[in-house]
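Below is one structure, written out as C-alpha cells; the observations come after it.
For clarity, every value in this text was computed on a predicted model and none was experimentally measured. Here is the naming used below: chain letters follow the sequence lines, and residue numbers restart at 1 for every chain.
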Amino acid sequence: MELVTVLQLPQQPTPSFAIDFGVRFSSSSTTNSSPLRVMCSALSTPSSLGQIALNCTEVVKSEKGNLVETVESSQSTSLLDLIDQCKNTMQLKQIHAHMLRTSLFCDQYTASKLLTAYAISSCSCLIYAKNVFDQIPQPNLYCWNTLIRGYASSSDPTQSFLIFLHMLHSCSEFPNKFTFPFLFKAASQLKVLHIGKVLHGMVIKASLDSDLFILNSLINFYGSSGAPDLAHKVFTNMPGKDVVSWNAMINAFALGGLPEKALLLFQEMETKDVTPNVITMVSVLSACAKKFDLDFGRWICSYIENNGFAENLILNNAMLDMYVKCGSMNDAKDLFNKMIDKDIVSWTTILDGHAKLGNYDEAHCIFDAMPHKGTSAWNALISAYEQNGKPREALTLFYEMQLSKDAKPDEITLICALCACAQLGAIDFGHWIHVYIKKHDINLNSHLATSLLDMYAKCGDLDKAMAVFQSVERKDVYVWSAMIAVMAMYGRGKAALDLFSSMLEYNIKPNAVTFTNILCACNHAGLVNEGEQLFKQMEPVYGIVPQIHHYVCIIDIFGRAGLLEKAASFIEKMPIPPTAAVWGAFLGACSRHGNVELAELAYQKLLQLEPCNHGAFVLLSNIYAKAGNWEKVSNLRKLMRDSDVKKEPWCSSIDVNGIVHEFLVGDNSHPFSQKIYLKLDEISEKFMSIGYKPDMSNLLQLSEEDNLTEQSLNVHSEKLAIAFGLISTASSQPIRIVKNIRICGDCHAFAKLISQLYDRDILLRDRYRFHHFKGGKCSCLDYW
DNA sequence: TTAGGGTTAG
C-alpha cells in the first residue's frame, strides 16, 4: 500500500448496494415504458430490424449514395450492422439523422451503439459522441466508459478525467474493470503520475487489483510517466502475467532510460516459457537502439528471421531505427531497399540517418524520392538540419515550404524553425513565426510555448520570453524548466530559485533537467550555498539520482567561486567515475583562479580521457601565460600544432533586419569588411583618447578562438560583429550577437566600453549564458 | 445484449 495514495472513494459494492442496484435497475426498466419511450414507440414506424435497415437504406439513397452498396446486398442488415459498416463520419451522421427522425434514438442500446461509433471507431467524432451522450436520459456504465475511452485516445485526454468525476457523482453504477484501463491510458498520455497514483488507490479499494488488463495498463502508465521502478513493482507483484505484461515492462524500462534492464527482461522471458510476439520484438529493438547495442540488435534481427515472424511494417521500421541509431547505415540501407511496404516512418528514419551523419546530399535524394511529400516529409528534413547544427539550411527549407503548396507547417515544423532561429539569434524570423502562430490560431501547447520562449530568450528578448511563459495556461515541468534555464542564462539566480519554488507550489515535480537548470542558475549567479543544498536534496527529497552533468554543475559552482580545494575533494568522493567534462570544469576553475599546480593535475586527467581536447590546451596555456611562464606556453603551442587537435569553426553572428551575418576570427570576407575594419580603427582611437589601455595580460592570453598557428592578436569574431552592428543598425537599436564559445576577457571589456562610449545596448549570447552590456556595465557583473 | 491492456520517427 505504500505504493499508492488512497483517497476518499465511494464505498465498494456491498450486498445492500447490490439490492439497491437491483431496485434501481428495475426502476430504470420502467424508463423503457416512460412517456417518452411510449411516444417514441408510437412515432417509430419500423417494427423489426430488417425494416429499419430497409428504411435506412432509402434514407441514405435519397441523401447520399455512399452507403448504398454496403447495404443493398443484404436487405436484412440491421441498423446496428449499418453503424458498424460506416466508413466515414458523414455516413454515421446520416444514420444518426435517421435515428432521430424515426425515434430509434430513444432506445438506449441503439443509442449506445451510435455513441460507440462516434467515440472510438475509425469514423470517430468526439463532439458528436458527447452530444449523443448528453441526449441519453440515464446513461449506463457502458456509455460512461465509452466516452472516457474515446477521450483517452484523443488530443484532449484530460476530458476523460472530467467525465470520470462527473460519472462518480451522476452514475448509479461504480467504475468497473473496464473503466480503469481507459483512465490509465489518459494518465499515460498526460504523464500525470499523481493522478495515476490516485487511480491506482481506487483500483485497490475496489478490489480490482488482480485484473490482468488493469495491471497491464498500470505498468504501461507508470512506464510512460517516468516511473519504471513503480511499473516494476506492479509487474513483480502481479499474480499472473501474460505476454502483454512482459511487453509493457520491457517498454517501461526502455522508456525510463534503462534499456539494459529491458534486454535482460527479454532474455528472462525465455526462462519463464513466455513466447514473445511482434510487439515484444519491436520493444526489444527499441531498447537496443537506446543502448546503441548493434550486436544485440543484429542478434534480434536474426532471431526475428529464424522464428517465423511475418513481414510487418512496424517491425521493419523498428529494425531500421535500430540500425540507424546504432550507426550502421549500410544495414539500414539494405533493409530499406528490401522493404516492400514503406510508410512515412520508414522514410523519415532513413532520411534522418543520412542527415545525422552529415550526408545531406543523400538526405535530399531521399526527400526528393519520397512518394508523398506531406508536412511530415518537410519536417523530417527541416528537423534533420536543425538538429545537426545546420540552422541556416533549416530556415531556408522552412521558407521553401511556405512557397510550396503541397504542405502546411504544423506544430513540429514551427518548433524546429524556432529552434533554428534560437541557434542563429534570428529574432526577426522568430517573431514572424510567433505572428504566424497567432494568425493561424495555432494552439500554444507546452512544446510550442517552450520553443517560443527559448527562442526569445536566446535572441536576447527576456521580456517577450517571460510574456510567453506567463501566457501558458497549463505549464508542465518542461515549460517551468525552460524558464528556469532562461533565468540561468541571464544570470538571474534569485529569479530562477523563485521560479523553482513556484513550480513546487503548483505541484509540478521537478525532473533531472530542472535540476541541471537550477544548478546552472546558482552557478551563474555565484549562489554556492543554495546550489549545494539543492544538490544534496536531489535524491532524498525529490527522488532524482544525480547524473554526471549535475556533478559537473556543482564542481563548476565551487570552482567558479574559487573553492578549488572543495571542488577537488568533491571529485575525489564522487560515487561515479569523473568524466572529461568533470575535469574540464575543474581545469576551467583553475585557469580562472590561476592555480598552476591543480591545473596541471586536471590537464593530465582530462587528456587521459580525451587526448585531443582543444579546450584543455587553451586553458592550460592561459594559466601559464598569466603566470608569465612563456616557455611552457610555447611548448604547449608546439604540442598542439603537432597533435591532431581539431576544433569547430568558432564564430559570432548578428541579426540585422532579418538577415543573419556570420563572422570568423580575423574575417575579411564580409562585403562590408573594409568599413568594419575602419570602424574598429575608429573605436581604437576613441578608446585611446580616453586613456584606455588594453589589459596586456588579457591580450597575451589565448582564447579558444585564437588560431594557434598565427599571432594571438587576431580580431575576435564578436568585435567584428559589434563593429558591423554599429555601422548597420539604427542608434536606438540594441546589437544582438550570438557566439558559439565563451566570450574572452578582452572582448568582454571591449563590449562594456562600447556600450558606454556609443550609448548602445549589446546583447551577447555565448555558449553558456547571456551578457547584457549597458552603460559600461555587464549584467553578469563580471562573474562568468 | 455491448467493451478493455502492450509496438516504430521527428
Looking at the side chain of [X], which of [options] is the nearest nucleotide?
X: A/Asp211; options: B/dG4, B/dG6, B/dA3; value: B/dG4
X: A/Ile412; options: B/dG10, B/dT7, B/dT8; value: B/dG10
X: A/Lys113; options: B/dA9, B/dT7, B/dT2; value: B/dT2
X: A/Asn317; options: B/dG6, B/dT8, B/dG10; value: B/dT8
X: A/Asp352; options: B/dT7, B/dG10, B/dA9; value: B/dG10
X: A/Tyr142; options: B/dA3, B/dT8, B/dG6; value: B/dA3

To the nearest angstrom, how far is [X] atom [atom1] from [N] atom [atom2]?
X: A/Leu255; N: B/dG6; atom1: CG; atom2: C1'; value: 11 Å
X: A/Asp343; N: B/dT7; atom1: CG; atom2: P; value: 17 Å
X: A/Asp242; N: B/dG6; atom1: CG; atom2: P; value: 12 Å
X: A/Met322; N: B/dA9; atom1: CE; atom2: C1'; value: 15 Å
X: A/His354; N: B/dA9; atom1: NE2; atom2: C1'; value: 15 Å
X: A/Leu115; N: B/dA3; atom1: CG; atom2: C1'; value: 12 Å
X: A/Met249; N: B/dT7; atom1: CE; atom2: P; value: 13 Å
X: A/Trp347; N: B/dG10; atom1: CH2; atom2: P; value: 17 Å

Cut-off 3.5 Å, side chains only: do A/Asn247 and A/Asn277 have a donor facing an acceptor?
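Indeed, the side chains of A/Asn247 and A/Asn277 share at least one donor-acceptor pair under 3.5 Å.
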Base of B/dT1 and ring of A/Tyr109 stacked, centres under 5.5 Å, planes under 30°:
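It does: the ring sits over the base of B/dT1.
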Does A/Phe178 stack onto the base of B/dG4, taking stacking as ring centres under 5.5 Å apart and planes under 30° apart?
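Whether judged by distance or by angle, A/Phe178 falls short somewhere, so it does not stack on the base of B/dG4.
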Is the phosphate of [N] approached by [X] (side-chain N or O, under 4.0 Å from OP1 or OP2)?
X: A/Lys325; N: B/dA9; answer: yes
X: A/Asn379; N: B/dG10; answer: no
X: A/Asn247; N: B/dT7; answer: no

Should A/Val345 and A/Ser376 count as side-chain neighbours, where that means a heavy-atom distance under 4.5 Å?
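Counting from C-beta outward, A/Val345 and A/Ser376 never come under 4.5 Å.
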If we only count heavy atoms from C-beta on, is the A/Lys291 to A/Leu263 side-chain gap below 4.5 Å?
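Contact flag for A/Lys291/A/Leu263 side chains = yes.
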Quick test of your reading of the model: are A/Lys338 and A/Asp334 salt-bridged, counting only N-O distances below 4.0 Å?
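A salt bridge is absent here (no side-chain N lies under 4.0 Å from a carboxylate O).
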Six-ring centre of A/Phe213, A/Lys177 cation under 6.0 angstrom, axis tolerance 45°:
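No; the conditions do not both hold, so A/Lys177 does not lie above the ring face of A/Phe213.
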Just call it for [X]: base, sugar-phosphate, or nothing, with non-hydrogen atoms closer than 4.0 Å on any strand.
X: A/Thr348; answer: base
X: A/Asp410; answer: nothing
X: A/Leu320; answer: nothing
X: A/Ser112; answer: base
X: A/Asn176; answer: base
X: A/Val243; answer: base

Which residues, if any, of [range] bring a heavy atom under 4.0 Å of DNA chain B?
range: residues 294-316 of chain A; value: A/Ile314
range: residues 143-162 of chain A; value: A/Asn145, A/Arg149
range: residues 182-189 of chain A; value: A/Phe182, A/Lys185

Ring centroids only, cut at 6.0 angstrom: are A/Trp246 and A/Phe235 within range, meaning strictly under it?
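Yes.
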Step through it carefully: locate the ring centre of A/Trp378, locate the ring centre of A/Phe398, and say whether they are under 6.0 Å apart.
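No, they do not, as the ring centres are separated by 6.0 Å or more.
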I'd like to check the salt bridge (Lys or Arg N to Asp or Glu O under 4.0 Å) partners of A/Asp331; sequence neighbours left out, ordered by chain and number.
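With sequence neighbours excluded, A/Asp331 shows a salt bridge (Lys or Arg N to Asp or Glu O under 4.0 Å) to A/Arg298, given in chain and number order.
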Taking only residues two or more places apart in sequence, or in another chain, which ones meet A/Lys390 in a salt bridge (Lys or Arg N to Asp or Glu O under 4.0 Å)?
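Expected list: none.
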For A/Ala227, side-chain contact (heavy atoms from CB on, under 4.5 Å) partners two or more places apart:
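If we apply the side-chain contact (heavy atoms from CB on, under 4.5 Å) test to A/Ala227, skipping adjacent residues, the hits are A/Leu193, A/Tyr222, A/Asp229, A/Leu230.
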Would the number of heavy atoms belonging to other residues, nucleotides or ligands and lying under 6.0 Å from CG of A/Asp368 be above 12?
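Yes, the 6.0 Å shell around CG holds more than 12 heavy atoms from other groups.
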Would you say A/Tyr478 has more than 12 foreign heavy atoms packed within less than 6.0 Å of its OH?
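No, because the 6.0 Å sphere around OH of A/Tyr478 holds 12 heavy atoms or fewer from other groups.
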Could you tell me whether the side chain of A/Asn251 has a donor or acceptor atom within less than 3.5 Å of a complementary atom in the base of B/dT8?
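Answer no: no donor N or O sits under 3.5 Å from an acceptor.
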Please find the pair of heavy atoms, one from A/Ile120 and one from A/Thr146, that lie closest to each other, and give the distance.
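Reported closest heavy-atom pair: CG2-O, 4.4 Å.
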Test side-chain hydrogen bond (donor to acceptor under 3.5 Å, both in side chains) on A/Ser217 and A/Asn220 and set out the steps.
CA-CA 5 Å; A/Ser217 59; A/Asn220 181 50; over 6 Å; no
